[in-house]
Protein chains: 2
Amino acid sequence: MFSQFRNRFPLTDEKWNEYIGYFNRIEVPAKTTLLEEGEVSKKLYIIEKGCIRVWFNNNGKDLTTQFFFENESVASIESFMKKLPSPTNIETIEPSVLWWIHKNDLDKILEEIKEIPELRDSLINKLFERTFDYMKYFVSFIKDSPAERYSNLIKERPQIILRVPQHYIASYLGITTVHLSRLKSKLVNKNS
Amino acid sequence: MFSQFRNRFPLTDEKWNEYIGYFNRIEVPAKTTLLEEGEVSKKLYIIEKGCIRVWFNNNGKDLTTQFFFENESVASIESFMKKLPSPTNIETIEPSVLWWIHKNDLDKILEEIKEIPELRDSLINKLFERTFDYMKYFVSFIKDSPAERYSNLIKERPQIILRVPQHYIASYLGITTVHLSRLKSKLVNKNS
DNA sequence: AAAATTTGATAACAAATGTTATTGTCTGCC
DNA sequence: GGCAGACAATAACATTTGTTATCAAATTTT
């Protein structure tokens with residue numbers, strides 16, 4: 001699990017062993033709630049196998065805002081950073097194998113990482129990339145129709161289409177399940 | 001202009017004078033293009049007075065993605081960071097007084113700032129805050145109707161409503177000018 | 001001050017999207 | 001194997017949103 005990180009980061013063996021000791025491996029079934037709306041997010045999860053969604057209840061409707069797959073890390077990020085109640089739930093979609101680390105331990109690691117110029121810069125770069133990604137999502141809502149957003153998903157995030165139930169995808173696109181179903185049947189007719 | 005920054009940052013007088021020397025003051029009329037689609041963004045602008053929008057041409061339609069006002073800094077951020085051609089234009093809305101700094105000079109400042117723990121952390125925090133903001137915009141498109149997004153703008157960014165022509169606001173909300181006009185008249189009737 | 005341009009409102013009609021209900025398939029579970 | 005729940009497709013109808021066109025008011029330019 002950690003070998004891919006290992007190679008990227010110039011740390012001593014002792015450091016690595018210390019850090020790895022902070023992580024805990026768990027196996028959970030599908031539809032397991034990892035964080036509930038209102039709680040403070042204190043664990044960061046890394047996905048070894050499986051997939052996860054972030055969602056919230058909006059006037060009785062289940063709205064999904066993010067999907068995560070293998071090797072991605074998940075937390076309710078603003079809650080996690082600022083110790084605020086999370087507005088969202090975190091839940092597995094598939095049976096999953098996860099590694100979690102407590103915020104306190106991660107903070108220790110981050111404090112040390114920030115002193116190493118390459119790691120610090122790579123952290124800052126990741127933050128920028130994340131911001132760019134969200135900007136693109138945002139612009140896509142201004143620019144593209146639901147049909148175009150769905151086509152983009154197929155191209156850019158096929159894992160979502162293949163592994164996630166359709167009603168979660170619909171809310172992620174900002175449309176109803178009925179509408180998504182219609183879009184799909186139009187696409188099929190167009191391609192035949 | 002810079003006194004508000006001055007107080008927040010523990011730098012020597014010499015450093016401050018060096019940094020301030022990098023900035024250039026300009027006054028420009030409304031509808032001045034500061035950056036054109038396809039160019040690489042090399043200047044960061046800080047607004048002393050006036051307002052600015054970021055927009056792009058989407059199949060002949062003028063779509064605005066961001067607004068900026070006094071004391072905010074503006075660049076086509078991904079282009080600026082990575083020296084890529086900008087997908088967007090930057091343009092003044094009102095006659096404006098701006099300060100700009102060249103990317104090369106800003107990079108020099110940032111290199112030094114990153115060595116000072118408080119400044120570095122405040123930089124990282126700002127990056128997080130920016131990401132949170134974009135996440136919220138993104139979620140708002142999933143969660144809220146155009147009417148609700150417009151109401152939110154009135155509450156949270158009244159400057160936009162007061163100072164920006166309506167057709168720019170419409171595209172920012174992802175709707176047509178006709179539709180925005182209808183939403184407004186419904187709001188008026190509801191409140192009377 | 002007149003002319004041109006920009007901005008905004010509105011109407012009539014078209015297209016997209018939502019709502020509710022029905023039906024069928026699939027999956028996990030006992 | 002059968003049952004319950006989750007998931008997806010579709011139809012009929014309602015509502016929202018877009019398109020195009022026209023007019024009026026405000027603003028800028030000459």
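Below, all heavy atoms of this structure are taken into account, side chains as well, without hydrogens, waters or symmetry copies. These figures come from a predicted structure and were not determined experimentally. So you know, we letter chains A, B, ... as the sequences are listed, proteins then strands, and number each from 1.
- Residue A/Lys31 contributes atom NZ, which lies 9 Å from atom C1' of D/dG5 at whole-angstrom precision.
- Side-chain N/O atoms of B/Gln166 include none lying less than 4.0 angstrom from OP1 or OP2 on C/dT6.
- Salt bridge status for A/Arg130 with A/Asp133: absent, with no side-chain N to carboxylate O gap under 4.0 Å.
- Spacing between atom CG of A/Leu187 and atom P of D/dA9 amounts to 12 Å, rounded to whole angstrom units.
- Mapping B/His179 and B/His167 onto DNA chain C via the closest heavy atom, the residue that lands nearer the 5' end is B/His167.
- Counting non-hydrogen atoms under 4.0 angstrom, A/Ile175 reaches the backbone sugars and phosphates but no base.
- Checking B/Val178 against A/Gly174, the closest nucleotide of DNA chain C that is more toward the 5' end is the one next to B/Val178.
- To the nearest 0.5 Å, the span separating CH2 on A/Trp100 from OH on A/Tyr45 amounts to 7.5 Å.
- Both tests hold for A/Lys103 against A/Phe80: distance to the six-membered ring centre under 6.0 Å, angle to the ring axis within 45°.
- Whole-Å rounding puts the B/Glu148 CD to D/dT16 P distance at 12 Å.
- In this model, no side-chain donor or acceptor of B/Arg182 finds a partner on the base of C/dG8 within 3.5 Å.
- Listed candidates were C/dT17, C/dT19, D/dT10. Nearest to the side chain of A/Ser185 is D/dT10.
- In this structure, A/Leu180 atom CG and C/dG18 atom P are separated by 10 Å, rounded to whole Å.
- Taking side-chain N and O atoms only, B/Lys61 has a distance below 4.0 Å to OP1 or OP2 of D/dT19.
- Regarding A/Ile169, its CD1 atom lies at a distance of 12 Å from the P atom of D/dC7, rounded to whole Å.
- Put simply, A/Lys184 has a side-chain N or O that comes within less than 4.0 Å of OP1 or OP2 on D/dA9.
- Look at CG on A/Leu183: it is 9 Å from P on C/dG18, rounded to the nearest Å.
- Separating the CZ atom of B/Phe141 from the P atom of C/dT17 is a distance of 14 Å, rounded to the nearest angstrom.
- Taking the six-membered ring for Trp and the full ring otherwise, A/Phe141 and B/Phe141 have centroids separated by under 6.0 Å.
- Remark: C1' of C/dG8 and CZ of B/Arg163 are 20 Å apart, rounded to the nearest angstrom.
- Between B/Glu148 and B/Lys155, no side-chain nitrogen of the basic residue sits less than 4.0 Å from a carboxylate oxygen of the acidic one, so the salt-bridge criterion is not met.
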